[in-house]
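Notes to accompany the following structure.
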Amino acid sequence: MSVVCDDELVKLWKSEQASLRQQVVEEDTEVWQRCPAFSSLERVGGVDLSFIKGDDVSACAQLVVLSYPALEVLYEDSQMVTLTAPYVAGFLAFRETPFLLDALRRLERNQPQLLPQVVLVDGNGLFHYRGKSGEFGLACHLGVLSGIPCVGVAKNLLQVHGVTKNQEHQSQIAALLLKGGDCFPLTTASGRVLGKALRSSDTSTKPVYVSVGHKISLDTAVRLTHSCCRYRVPEPIRQADIRSREYLRIHFPPPGTTATEEGSVVDPQKEPVGEQ
DNA sequence: GCGACAG
DNA sequence: ATCTTGTCGC
């Protein structure tokens, strides 16, 4: 369906990604990151994009800033955007980053005092294909371009470097992730730890996959992620997801949902009285 | 041909 | 990402 050759696009992206990869800082650079309880950490950001169902170019780009450690929403920005880049596995960043950066810039312009000290990103950071030789994920991309510390938190395991979602992985989950905060390293065939599987709460069996985005170490990233979890998905990302979907629900309701629109007479078969 | 494929 | 209702459990 694409007019422009995707192969050419991906070539450009690979080179851009390799260039940015060199700018990733994989260590703790902030004072709060060194404190046992993250004292002096006051604001944690979360970002996400939600889409309208039949439309893969219209989306709501969401930025939220939560207080820490209370995890209450201090700031919220929903912005409808039109995506231009296709989704190509491994290159999610090129599709989403521009709009997340825009949101951070709007905040910096309007209420700089609310800028987050770290952003939790829906997706991977260094846990990525050929991470050592030039590829990285959305959390790194956004981190490098914004200069803000970022953490990648993926809900699904990206199978990379021999890290696979097989019996071995399932066994590790069952044997090692016994309570909230437990984790185990995601190690490549060559022995490099690219991320960690984390049991984010006592009540969730399925782990989340944490990796370094920018300006934070892996252990700090894991500890921070765990400390931001009320439920399985860290609260900043969860709130960004909830609020961007809510925005779409209100501003772009599915056809046949509004009382004022023609044909709003509900079908008693599909809309039985008493629903909602 | 078959499986994988963050969001 | 999105498609989707109920259902089992505390």
Side-chain angles (χ1 to χ4, degrees), chain A residues 6 10 13 17 46-63 78 80-101 103 119-131 135-143 150-167 169 186 188 194-198 200-213 221 225 231-234 236-238 240-249 252-257 269-272 274-276:
Chain A
D6 278 5
V10 169
W13 286 353
Q17 207 170 61
V47 291
D48 192 31
L49 262 70
S50 288
F51 294 78
I52 298 175
K53 57 176 182 180
D55 184 347
D56 58 352
V57 301
S58 299
C60 177
Q62 188 76 34
L63 167 64
S78 311
M80 285 307 298
V81 299
T82 303
L83 284 74
T84 54
Y87 172 66
V88 180
F91 301 93
L92 174 66
F94 291 90
R95 182 164 159 80
E96 301 195 348
T97 299
F99 309 101
L100 303 178
L101 261 181
V119 177
L120 301 191
V121 180
D122 201 350
N124 293 300
L126 289 181
F127 185 63
H128 201 272
Y129 307 108
R130 302 200 300 280
E135 297 197 5
F136 64 17
L138 175 60
C140 299
H141 204 119
L142 183 63
C150 284
V151 175
V153 183
K155 297 185 289 294
N156 292 292
L157 180 67
L158 188 62
Q159 328 249 303
V160 50
H161 283 292
V163 181
T164 53
K165 195 171 163 185
N166 53 16
Q167 282 308 315
H169 185 71
L186 301 168
T188 66
L194 291 188
K196 288 194 175 182
L198 167 71
S200 50
S201 78
D202 288 335
T203 55
S204 67
T205 302
K206 186 178 178 180
V208 295
Y209 301 96
V210 180
S211 59
V212 169
T225 299
Y231 306 101
R232 176 178 175 250
V233 175
I237 292 175
R238 182 170 167 269
D241 180 77
I242 289 172
R243 287 159 193 259
S244 55
R245 286 197 211 192
E246 175 74 353
Y247 184 93
L248 292 180
R249 189 183 67 77
F252 299 88
T257 310
Q269 296 287 61
K270 291 182 178 176
E271 300 285 334
E275 53 84 37
Q276 243 295 342

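Throughout, a chain's letter reflects where its sequence line sits, starting with A, and its residues are numbered from 1.
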Q. Which whole-number value in Å describes the distance from A/Lys155 NZ to B/dA6 P?
A. 11 Å

Q.
Students often get this wrong, so: under 4.0 angstrom with heavy atoms, is A/Phe91 touching a base, only sugar-phosphate, or nothing?
A. base

Q. Is the shortest distance from a Lys or Arg side-chain nitrogen in A/Arg243 or A/Glu246 to a carboxylate oxygen in the other one below 4.0 Å?
A. no

Q: Find the distance A/Leu142:CG to B/dA6:P and express it as a whole number of Å.
A: 19 Å

**Q.** Atom pair distance, as rounded to whole Å: CG in A/Asp48 and P in B/dG7
**A.** 9 Å

Q | Among C/dA1, B/dG7, B/dA6, the one nearest A/Leu158 by side-chain distance | A | B/dA6

Q) Rounding to a whole Å, what distance do you find between A/Asp122:CG and C/dA1:C1'? A) 10 Å

(Q) Counting the atoms with a prime plus P, OP1 and OP2 as sugar-phosphate, which does A/Gly152 contact under 4.0 Å by heavy atoms, base, sugar-phosphate, or nothing? (A) nothing

**Q.** Separation of atom NZ in A/Lys206 from atom P in B/dA6, rounded to whole Å
**A.** 11 Å

Q | Side-chain heavy-atom pair A/Asp55, A/Phe252 within 4.5 angstrom cut-off | A | no

Q) Roughly, in whole Å, what's the span from NE2 in A/His141 to P in B/dG7? A) 17 Å

(Q) Taking 5.5 Å and 30° as the limits, would you call A/Tyr87 and the base of C/dA1 a stacked pair? (A) no

Q: Compare side-chain N and O positions of A/Arg95 against OP1 and OP2 of B/dA6 and report whether any pair is under 4.0 Å apart.
A: no

Q. What does A/Asn124 touch in the nucleic acid at a heavy-atom separation under 4.0 angstrom: a base, only the sugar-phosphate, or nothing?
A. base

(Q) Considering every strand and a 4.0 Å limit on heavy-atom distances, what is the contact class for A/Leu138: base, sugar-phosphate, or nothing? (A) base

Q) Using 30° and 60° as the class limits, which term best fits the ring planes of A/Phe94 and A/Trp13: parallel, tilted or perpendicular? A) parallel

**Q.** Selected nucleotide, minimal atom distance to A/Arg245 side chain, candidates C/dT2, B/dG7, B/dA6
**A.** C/dT2

Q.
What is the separation between atom CH2 on A/Trp13 and atom C1' on B/dG7, rounded to the nearest whole Å?
A. 13 Å

Q) Salt bridge between A/Asp122 and A/Lys155, side-chain N to carboxylate O under 4.0 Å? A) yes

Q: Return the nearest nucleotide to the side chain of A/Lys53; candidates are C/dA1, B/dA6, C/dT2.
A: C/dT2

Q: Check for a donor-acceptor pair, side chain of A/Arg95 on one end and backbone N or O of A/Pro86 on the other, with a separation under 3.5 Å.
A: no

Q: Send over the distance from A/Leu120 CG to B/dA6 C1', rounded to a whole Å.
A: 15 Å

